[in-house]
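Notes for the one structure printed next.
Count residues from 1 along the sequence. In each ligand, atom 1 is the first atom listed, and ligand 1 is the first ligand listed.
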Amino acid sequence: MPAAPSKRLRGQKIARNFIIGNSAVQLPHPLFIDPPSGHTKGWRVYVRPLPNGPDITTWLKKVQFKLHHTYADASRTIESANVKDGCFEIQETGYGEFGVELRLYFPTESGEKAQYREHYLVLTYWGSPEQQAAQEAKNWIVSERVETIEFNEPTVDFAKTLASEEQFNWLKVKKGRGKGKKPEYVFEGEIDPSALLPEKAPEGKDGSGMGAGAAWSQRYERQVISQLTSSEKILQGMIEEEQGKMEERKRRMEELGRAIESKG
Ligand code: SLL
């Protein structure tokens with residue numbers, strides 16, 4: 001029999017951010033071998049951590065994905081024990097878009113009921129003409145959003161799990177595990193990630209160490225800034241790539257123009 005959930009932290013709330021989304025390609029594609037006839041798209045739908053964020057398997061035990069009824073086995077479940085890099089995902093092929101129903105399940109000690117989310121699959125190019133051209137050129141469509149989950153008055157045990165430092169180990173490099181020593185996890189990025197606690201957490205009344213102001217911290221702020229900075233770099237790269245292509249097109253137009261002139 002599972003242990004009864006421990007007492008709850010009155011008046012406290014812990015929120016976690018994560019990503020729900022899908023990626024998609026036009027078939028044929030090397031990632032999707034031998035699709036059934038009539039299937040024109042390959043896609044993945046997923047629940048995953050924020051880049052540089054805490055491991056979501058800390059609080060997410062399993063995800064049930066309910067697909068369109070045209071799929072033979074429409075209900076698919078992914079357990080946290082089987083995920084890689086904290087990403088719960090389903091891969092499929094098909095011909096049309098539909099809403100995927102997701103049910104998120106939490107650890108027993110949390111005493112939390114499952115929560116429901118939905119993600120509408122995006123399998124066609126979206127956004128500005130430039131964005132659509134980039135998606136077509138790469139044969140790669142991504143549609144995702146940041147989701148929030150709030151645990152109101154979490155149990156003491158669950159709050160401890162949510163504040164543990166281990167949930168950042170997936171971002172770190174395992175170092176030196178010889179001679180019966182515990183492995184050490186070293187973060188090699190710019191920002192040392194940590195549980196979302198203030199730089200100096202005021203001691204909570206209940207002795208949990210989760211102070212009243214625990215929702216925001218200077219460390220978390222730096223982490224968010226680092227995430228935004230890396231997104232900015234990716235965007236900047238995409239813009240430069242597009243500018244390069246535009247110049248190339250301009251050059252070729254001019255060449256063609258000269259060739260036509262010299263013929264006429
Ligand atoms: C549409 N209203 O027509 C949607 C329905 C159905 C998606 C999309 C079938 C997969 C299979 C599949 O792609 N279903 O044959 O197993 O756009």
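- A salt bridge does not link Lys13 to Glu153: none of the charged nitrogens lies less than 4.0 Å from a carboxylate oxygen.
- Listed as neighbours of ligand 1 are His39, His68, Thr70, Tyr71, Gly94, Tyr95, Gly96, Glu97, Phe98, each bearing a heavy atom under 4.0 Å from the ligand.
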Enumerate donor-acceptor pairs with a distance under 3.5 Å from any side-chain N or O in residues 91-99 to protein atoms, sequence neighbours excluded.
from: Gln91; atom 1: OE1; to: Arg44; atom 2: NE; distance (Å): 2.9
from: Gln91; atom 1: OE1; to: Arg44; atom 2: NH2; distance (Å): 3.0
from: Gln91; atom 1: NE2; to: Leu31; atom 2: O; distance (Å): 3.3
from: Glu92; atom 1: OE2; to: Arg76; atom 2: NH1; distance (Å): 3.1
from: Glu92; atom 1: OE2; to: Arg76; atom 2: NH2; distance (Å): 3.0
from: Thr93; atom 1: OG1; to: His39; atom 2: ND1; distance (Å): 2.7
from: Glu97; atom 1: OE2; to: Leu123; atom 2: N; distance (Å): 2.6
from: Glu97; atom 1: OE2; to: Thr124; atom 2: N; distance (Å): 3.2
from: Glu97; atom 1: OE2; to: Thr124; atom 2: OG1; distance (Å): 3.3

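- Taking the six-membered ring for Trp and the full ring otherwise, the centers of Tyr125 and Trp140 sit at least 6.0 Å from each other.
- Under the 3.5 Å distance criterion, with hydrogens and angles disregarded, no donor-acceptor pair is assigned to the side chains of Gln12 and Arg10.
- Ion pair Arg48/Glu144 flagged as a salt bridge, since at least one NZ, NE, NH1 or NH2 atom sits closer than 4.0 Å to an Asp/Glu carboxylate oxygen.
- Residues Ser6 and Asp157 come closest through the heavy atom pair OG-N, 3.1 Å.
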